[in-house]
Amino acid sequence: MTRDRNAGTLRRLPAQKRSAERFERLLDACAELLDEVGYAALTTKEVARRAEVPIGTLYQFFSDREGLIGALAARNLESFLERVADRLEQEAPEGVSGIVDVTVDEFVTMRRTITGFGVVDFGMAGQDHILEPTLDNNTAVAGRLRSLTASLTGGQDDAELEIAVRVALECADSVLKLAFRTDPQGDSQLIAECKRVLNSYLKDRLRGRLSGRT
């Protein structure tokens, strides 16, 4: 997590263990309150109270409520990428379809189980530059996914992979939002259709590029 990824609203990162624990408690409290009251009713005062942290400590880390949201989104993204990377390394799935299945499944699992993820996953409606000040949220996420995909598969990280992952992410974002609007736990048929769309597009777009994977 960096200052840039939080669009300038993260004042500093914790340097000591005690500060790190308080920082994480603040993010946990923020996530809990997002599920309970939503973004509109979220206040830094209530986050600090829930985290049992002085309000002054909160403002040592975050300049405002948006800083909290940005840090939470960045933590969610790092957790997601770690989960995807771990599964891909452990399972070594074959082909594009294996990568797609793991990536979609991990997102769905986080949406179902991680507090606050349904409100703030890697961004939030109406806040398009939470992760990077110069990139919209989906572009920033696509860049991280592209780097992960290239590093794990041996594929070339270039403009062709960039546009393919960017388009795939936009498709996934739209269909998965629909899946969770249809069913709070994610409509299984729509999740399957999301995978079908991504597999069809990426297999054609990346044919022969991922170290012989098909």
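Start at 1 with the first residue, then count along the sequence.
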**hydrophobic_cluster_shared for L88 and L81, side chain cutoff 4.5 Å** = yes

**Asked** Does the cation-pi check pass for R75 over F23, that is, NZ or CZ under 6.0 Å from the six-membered ring centre and within 45° of its axis?
**Response** no

For residues 53-60, which side-chain donor-acceptor pairs fall under 3.5 Å, sequence neighbours excluded?
from : atom 1 : to  : atom 2 : distance (Å)
T57  : OG1    : R22 : NH1    : 3.4
Y59  : OH     : T44 : OG1    : 2.7
Q60  : OE1    : R12 : NH2    : 3.1

**Asked** Is a donor on one side and an acceptor on the other found under 3.5 Å between the side chain of T182 and the backbone of L178?
**Response** yes

**Item:** Where L202 and A164 come nearest, the two heavy atoms and their spacing
**Value:** CD2-O, 3.9 Å

**Message:** Under 4.5 Å between side-chain heavy atoms, counting indirect links through other Ile/Leu/Val/Met/Phe/Trp/Tyr residues: same cluster for V175 and L169 or not?
**Reply:** no

**Asked** Any side-chain heavy-atom pair from C194 and L198 closer than 4.5 angstrom?
**Response** yes

**Request:** Compare all side-chain heavy atoms of R111 with those of L176 and state whether any distance is below 4.5 angstrom.
**Result:** no

**Message:** If I take atom CD1 from residue I99 and atom CD from residue E91, how far apart are they, to the nearest 0.5 angstrom?
**Reply:** 12.0 Å

**Prompt:** Do you know the tightest heavy-atom contact between V96 and K203?
**Reply:** CB-CG, 4.0 Å

**Prompt:** So does K177 pair up with D121, basic N to acidic O under 4.0 Å?
**Reply:** no

**Request:** Please say which of E132, E78, E162 ends up in a salt bridge (Lys or Arg N to Asp or Glu O under 4.0 Å) with R144.
**Result:** E78

**Request:** Drop me the distance from R83's CZ to T109's OG1, to the nearest 0.5 angstrom.
**Result:** 6.0 Å

**Prompt:** Looking at A20 and P14, what are the two nearest heavy atoms and their distance?
**Reply:** N-CB, 3.4 Å

**Request:** Following the transitive rule for hydrophobic clusters with a side-chain heavy-atom cut-off under 4.5 Å over Ile, Leu, Val, Met, Phe, Trp and Tyr, establish whether V197 and L190 coincide in one cluster.
**Result:** no

**Request:** State, to 0.1 Å, how close I69 and C30 come at their nearest heavy-atom pair, and which atoms those are.
**Result:** CD1-SG, 4.1 Å

**Request:** For the residue pair V167 and R205, establish whether any side-chain heavy-atom pair is separated by less than 4.5 Å.
**Result:** no

**Prompt:** For L72 and I130, what are the C-alpha separation, side-chain angles and deciding distance, and is it a side-chain contact (heavy atoms from CB on, under 4.5 Å)?
**Reply:** CA-CA 10 Å; L72 181 61; I130 284 179; over 6 Å; no

**Message:** Quick check against the 3.5 Å criterion: does N199 have a side-chain atom that pairs as donor or acceptor with the backbone of K195?
**Reply:** yes

**Request:** Quick one: list whatever passes salt bridge (Lys or Arg N to Asp or Glu O under 4.0 Å) with E46, sequence neighbours left out.
**Result:** R49

**Request:** Would you mind reporting whether L27 and F62 have side-chain heavy atoms less than 4.5 Å apart?
**Result:** yes

**Message:** With rounding to the nearest 0.5 angstrom, report the CD to OG1 distance, Q185 to T113.
**Reply:** 9.5 Å

**Request:** Please examine the side chains of F122 and N137, heavy atoms only from C-beta on, and report whether any two atoms are closer than 4.5 Å.
**Result:** no

**Request:** Go through the structure and list residues passing salt bridge (Lys or Arg N to Asp or Glu O under 4.0 Å) with R50, not counting sequence neighbours.
**Result:** E32, E36

**Prompt:** Under 3.5 Å, is there a donor-acceptor pair between the side chain of D158 and the main chain of L161?
**Reply:** yes

**Message:** Measuring only between side-chain heavy atoms, which start at C-beta, is E21 closer than 4.5 Å to E24?
**Reply:** no

**Request:** Return yes if some donor-acceptor pair links the side-chain N/O of R65 with the main-chain N/O of Y39 below 3.5 Å, else return no.
**Result:** yes

**Prompt:** Counting only N and O atoms by type, is there a donor-acceptor contact under 3.5 Å from the side chain of S19 to the main-chain atoms of A15?
**Reply:** no

**Message:** Is there a side-chain contact between T115 and D28 in this structure, where contact means two heavy atoms from C-beta onward sitting under 4.5 Å apart?
**Reply:** no

**Message:** So D173 and V141, do their side chains get closer than 4.5 Å, heavy atoms only?
**Reply:** no

**Asked** How far apart are the closest heavy atoms of P93 and G98, and which atoms are they?
**Response** CB-CA, 3.6 Å

**Message:** Heavy-atom count check: over 12 atoms from other residues, nucleotides or ligands less than 6.0 Å from R112 CZ?
**Reply:** yes

**Request:** Would you please test D101 and R87 for salt bridge (Lys or Arg N to Asp or Glu O under 4.0 Å) and show each step?
**Result:** CA-CA 11 Å; D101 285 352; R87 277 195 58 189; over 6 Å; no

**Message:** Quick check: is F180 connected to L77 through a chain of hydrophobic side chains (ILVMFWY, heavy atoms under 4.5 Å apart)?
**Reply:** yes

**Message:** Pair F80, L145 - check side-chain contact (heavy atoms from CB on, under 4.5 Å), show working.
**Reply:** CA-CA 10 Å; F80 172 70; L145 282 172; 3.9 Å; yes

**Nearest heavy atoms of L26 and A48, plus distance in Å** = CD2-CA, 4.1 Å

**Request:** First locate atom CD of E193, then atom SG of C171, and finally report the distance between them rounded to the nearest 0.5 Å.
**Result:** 13.0 Å

